[in-house]
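These notes are about the structure you will find just below.
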Amino acid sequence: MDFQLTKEQKQYRREIINFAKSYLNDEEYLENFSADMWKRICEFGFLGITIGEEYGGLGEDYLTAAVALEALGYGCENNGLVFVVNNHIWVSQNLIYLYGQQVLKDKYLPEMVEGKKIGAIAITEPDSGSDALSMEAYAHEEGDHYVLNGNKMFISNGPIANVFVVVAVTQKEPVKRYTAFVVENNFEGVHVGKNIEKMGLGACPTSELTFVDCKVPKENILGKLNEGSSLLTNALEWERCYEFAPHVGAMQRIMEKCIEYVYQRKQFGKPIKEYQAISHKISNMKISLEMARLMLYKIAWLKDQKRSAYSEVSIFKVFVSENYIKTCRDAVQIFGAYGYTKEFPLERELRDALACSIYSGTNEMQRNTIFQMLG
């Protein structure tokens, strides 16, 4: 395996970092969604990185996308905005591109690549979290459409999304079957709840979705009827890789801030970098960063080879999330009282990081998956 990035990939990395640092770090929007920030990303052309040129995308491979997302996470300190971008790309737009009929691709992809329509995925329900297949949202056939009823909860991008990939039960007996649908926010019977305030990731609006006799055209079935569970599995595979790619970049950004600080901060007459208790924390940050980056690139390479990476993404998700949180926690400790104040960004970085051990399947569930795959 060649570990050398191409000239083009290095250029992508430089341009994305420079763009993010220059245009995506407005302090007033670090914890609030900004339509202007979204517009800047759209105009930069980031959204269509792996989408074919026939739909206005760049048609790049998945390794290049991994490099790009890592660079975005490094340059953009607005972690919530990055989360909005990832949800749009990987669990909405990408699913339509990979599994949609031609009519769906033609209808949605051009505007999604331009950012005129924002995407989201709706899986979680009030009583269905880690046990996703216990969902109760139900869609039944009626003429030339399906009638969808049910509730979805904690939907990232919910208040701002125009296009939802919604997974619902379409067969209850003898075996429960599921189907994915593309549902627009302006379909009759779609009700979007208010923004749910969270501990972190404030720039990513989150809400409840309610469907009351919502009529979804049959042509809006994503993939095949009653095969939504396999599509859901594939969606989570993409999500667990690329939604965690920016965390690798964020880990490097935070580590570099710590390195700069320990050279400047003095206690007992010498820089605190001279104290092993401090230097070892930063050494551990570097170890975690390198291991996470290697795993990210391996998974992206597997996807470029059209191979499954289901076990690998669970390993990656657990490792990155736990070490991202640890990196933030150790950074607060290194900065001491300064790190705990809102004057410095580290307390927000830690709040933003904490959720990554929960979303996309809790780490406890990932460990179950890893063990089962070993069997």
Next on the checklist: Centre-to-centre under 6.0 Å for Tyr29 and Trp38, is that the case here?
Outcome noted: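 No: the rings miss the under 6.0 Å criterion.
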
Checklist entry - When rounded to the nearest 0.5 angstrom, what is the spacing between CD1 in Ile334 and CG in Leu346? => result 9.0 Å

Checklist entry - Which value, rounded to the nearest 0.5 Å, describes the distance between Lys298 atom NZ and Ile315 atom CD1? => result 7.5 Å

Only pairs under 3.5 Å count here: list side-chain donor-acceptor contacts from residues 13-22, not counting sequence neighbours, and write none if there are none.
residue	atom	partner	partner atom	Å
Glu15	OE2	Gln11	NE2	2.9
Asn18	ND2	Arg14	O	3.2
Ser22	OG	Asn18	O	2.8

Regarding [X] and [Y], do their side chains bring together a donor and an acceptor under 3.5 Å, going by distance alone?
X: Asp26; Y: Ser34; result: no
X: Asn78; Y: Asn25; result: no
X: Trp90; Y: Asn86; result: yes
X: Asn162; Y: Tyr108; result: no

Checklist entry - If you take all heavy atoms of Leu69 and Ala245, which pair is closest and at what distance? => result CB-CB, 3.8 Å

When you measure from the centre of the six-membered ring of [Y], is the NZ or CZ of [X] closer than 6.0 Å and no more than 45° off the axis?
X: Lys215; Y: Phe187; result: no
X: Lys306; Y: Tyr62; result: no
X: Lys172; Y: Tyr138; result: yes

Next on the checklist: Checking side-chain contact (heavy atoms from CB on, under 4.5 Å) between Phe244 and each of Glu239, Met295, Lys317, Glu70, which is the one that passes?
Outcome noted: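 With Phe244 as partner, Glu239, Met295, Lys317, Glu70 yield a single side-chain contact (heavy atoms from CB on, under 4.5 Å), made by Lys317.
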
Item to check | Passing candidate, side-chain hydrogen bond (donor to acceptor under 3.5 Å, both in side chains) with Asn151, options Glu208, His191, Glu125 | outcome: Glu208

Next on the checklist: Checking the side chain of Thr50 only, and the main-chain atoms of Glu60 only, is there a donor and an acceptor separated by less than 3.5 Å?
Outcome noted: no

Checklist entry - Could you go step by step and tell me if Tyr359 and Phe83 meet the ring-ring contact (aromatic ring centres under 6.0 Å, His included) rule? => result CA-CA 11 Å; Tyr359 56 70; Phe83 202 64; 4.7 Å; yes

